[in-house]
Amino acid sequence: WLSYALQREMEEMADNVRFPIYDASAIDDGDKWDVLAEIDFSKGGSFLLIEEIEDKHLPDILELFAAFVRFGSSEQKHTTWQKDGSVYTAIPKMFIDFAKDCRVDVSYRLLRRCLRHAFDSRTESLDNKTAKIVLHNGEVGIHLSTPIPAS
């Protein structure tokens, strides 16, 4: 009975995860979203002129890129700890919110791993990479693909 109750509780917690993490192969198959355009980071913001992107999506794309560099308030608490870890002031708010809502815990470990990979010299820069601007459930997103070395 205890095993069943624990399993049920875990399932309920998983149901509350706002951003479930898909298996990598499911993401690469492209059945989770529609691709609006492929962009080349080496050409800067010129991708905004791509004819494939409808004008109605441009404000959402600009908002997405602005969110990549928007940081939250240092007074906002993210954990029940007496003092939040420094990771919460080093990462933009969008990534903190995403990490928090794709896990059943406070996601501190995930955020620490993100920082570790960001500063790993073996991680390839996005400067000369391409990405896909995607549409998922009416919201604009980005699909980045770059190998992350094992840590």
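Index from 1, following the sequence.
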Working to the nearest 0.5 Å, report the span between [atom1] of [X] and [atom2] of [Y].
{"X": "Ile39", "Y": "Ser46", "atom1": "CD1", "atom2": "OG", "answer": "9.0 Å"}
{"X": "Phe95", "Y": "Leu110", "atom1": "CZ", "atom2": "CG", "answer": "11.5 Å"}
{"X": "Leu115", "Y": "Asp120", "atom1": "CG", "atom2": "CG", "answer": "12.0 Å"}
{"X": "His57", "Y": "Glu63", "atom1": "NE2", "atom2": "CD", "answer": "15.5 Å"}
{"X": "Arg116", "Y": "Arg112", "atom1": "CZ", "atom2": "CZ", "answer": "8.0 Å"}

- [ ] Please check if Phe41 and Leu62 belong to a single hydrophobic cluster, counting links between Ile, Leu, Val, Met, Phe, Trp and Tyr side chain heavy atoms closer than 4.5 Å.
- [x]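 As far as the 4.5 Å side-chain criterion goes, Leu62 and Phe41 are connected within one cluster.
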Task: Same cluster (ILVMFWY, side-chain, under 4.5 Å), Phe71 and Phe98 - done: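 Not linked; separate clusters.
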Write down the atom of [X], the atom of [Y], and the distance for their closest heavy-atom approach.
{"X": "Leu111", "Y": "Tyr88", "answer": "CD1-CE2, 3.5 Å"}
{"X": "Leu135", "Y": "Gly138", "answer": "CD1-C, 3.8 Å"}
{"X": "Leu64", "Y": "Gly141", "answer": "CD2-C, 3.8 Å"}
{"X": "Val134", "Y": "His143", "answer": "CG1-CB, 4.2 Å"}

Task: Student check: side-chain heavy atoms of Leu48 and Leu58 closer than 4.5 Å - done: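 SC-SC contact between Leu48 and Leu58 confirmed.
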Open item on the list: With heavy-atom distances below 4.5 Å as the criterion, would you say the side chains of Leu126 and Leu144 are in contact?
Closed with: yes
- [ ] Run the numbers on Ile133 and Val140 for side-chain contact (heavy atoms from CB on, under 4.5 Å), then give the verdict.
- [x] CA-CA 7 Å; Ile133 300 291; Val140 170; 4.0 Å; yes
How would you list, by chain and number, every residue that makes a side-chain contact (heavy atoms from CB on, under 4.5 Å) with [X], sequence neighbours excluded?
{"X": "Leu49", "answer": "none"}
{"X": "Ala67", "answer": "Arg70, Met94"}
{"X": "Glu38", "answer": "Thr130, Lys132"}
{"X": "Ala37", "answer": "Ile50, Glu52, Ile53"}

TODO: Can you sort out the partners of Glu54 under salt bridge (charged side-chain N to carboxylate O under 4.0 Å, His left out), two or more places apart, ordered by chain and number?
DONE: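 If we apply the salt bridge (charged side-chain N to carboxylate O under 4.0 Å, His left out) test to Glu54, skipping adjacent residues, the hits are Lys56.
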Open item on the list: Any side-chain to backbone donor/acceptor pair from Thr123 onto Ala118? Under 3.5 Å, distance only.
Closed with: no
Task: Pair Lys93 + Asp97: basic N to acidic O under 4.0 Å - done: yes
- [ ] With sequence neighbours left out, write down each residue that passes ring-ring contact (aromatic ring centres under 6.0 Å, His included) with Phe65, or none if nothing qualifies.
- [x]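 Here the qualifying residues are Phe47, Phe68.
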